[in-house]
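Note that this is a predicted model, so its numbers are computed, not measured. All ligand and atom numbering here is 1-based and tracks the order in the structure.
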Amino acid sequence: MEQPKYHYIYGPVSSWRLGKSLGIDPVSSAQKTCTFDCVYCQVGPTEFFPSERELFVSTEDLVDELRSLPEVEVDCITFAGNGEPTLAKNLGEMIRAVKIFRKEKVAVITNASLIERADVQEDLLLADLVEVKLDASSSESLRHVNRPTPEVQLEGIVNGIAAFRKIYKGYLTLQVMFVASNKACAEAIAKIALQIGPDEIELNTPLRACAVRPLSPEELAGVTEIFRKICGDKIKVRSVYEAKREKSRPFCQESTDRRRGKEIG
Ligand code: SF4
């Protein structure tokens, strides 16, 4: 039987971090749209680097599609997708709309490139969980691993996350994606993380098909040890290799693969 087509919604996907999660892509552009072009990106090279927040999908269209879904139990509704979700200038309006008729927690996964902006922080404050990315400890490592647009600077990212931490009452997770080229930054990133004080740190390495190799379990265990030593019992530190990963069956495989890429093996 042919699967129904969804334009803005994907999954449910099983996340080691968020449980069973229904994905919403508030950008949903045919081109990958992001402020970064990470070396490990699972959805390929960035094709469109907007310099401002834009309206990509109307909130009404998203709500119509969400209402058309078959019933499904999920742990979380997550704004992420084929690019950077905070580029959608109606992100806050979308979160509010989803919360009116869905009971699940709402999460946003962001690369934090725009988190210094007051309007972005206002939108993120509406989410129950926010996951921010920090893969670099210097401008050089940021340029090397995340390859951002020129206006995005590490200082803005770190200051923005720290400022957001002070006002955010929800659950803040700092996610660090490690590949060979930023492994040596582990200690410096852990020290920045300790200063910021998220609720949790998640240490990841790309386990989906992409242009670079993932760290081995032994390499990531070494990085995890560094983080646990620096953060002590102040911040919970989790690593992808220690997590239990479950399978889930998406409504629409095509819509899901476009946002998630393919698992290795
Ligand atoms: S991994 Fe995320 S932040 Fe990096 S290029 Fe891909 S979509 Fe953008």
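Summary of contacts: the protein heavy atom closest to atom 4 (Fe) of ligand 1 is C38 SG, 2.3 Å. Looking only at protein heavy atoms, the nearest one to atom 6 (Fe) of ligand 1 is C41 SG, 2.3 Å.
For ligand 1, the atoms lying closer than 4.0 Å to a non-hydrogen atom of K133 are 3 (S). Here is the list of ligand 1 atoms found below 4.0 Å of a heavy atom in N111: 3 (S).
If you look at C34 next to ligand 1, the close heavy atoms, those under 4.0 Å, all belong to the side chain. Using a 4.0 Å cut-off between heavy atoms, K32 contacts ligand 1 through its side chain alone, with no backbone atom that close.
Look at R53 and D123 and you find a salt bridge, because one of the NZ, NE, NH1 or NH2 atoms lies within 4.0 Å of a carboxylate O, short of that distance. Taking 4.0 Å as the cut-off between side-chain N and carboxylate O, E52 and R117 count as a salt-bridged pair.
Screening L126, N90, V106 against R96 for a side chain to side chain contact (heavy atoms under 4.5 Å, CB included) leaves a single residue, L126. Just one of N111, T149, N146 meets the side chain to side chain donor-acceptor pair (under 3.5 Å) condition when paired with T35; it is N111.
Considering only heavy atoms from C-beta on, C41 comes within 4.5 Å of K32 through its side chain.
The closest approach between any non-hydrogen atom of M177 and ligand 1 is not below 4.0 Å.
The shortest heavy-atom contact between F227 and A186 is CE1-O, 3.5 Å.
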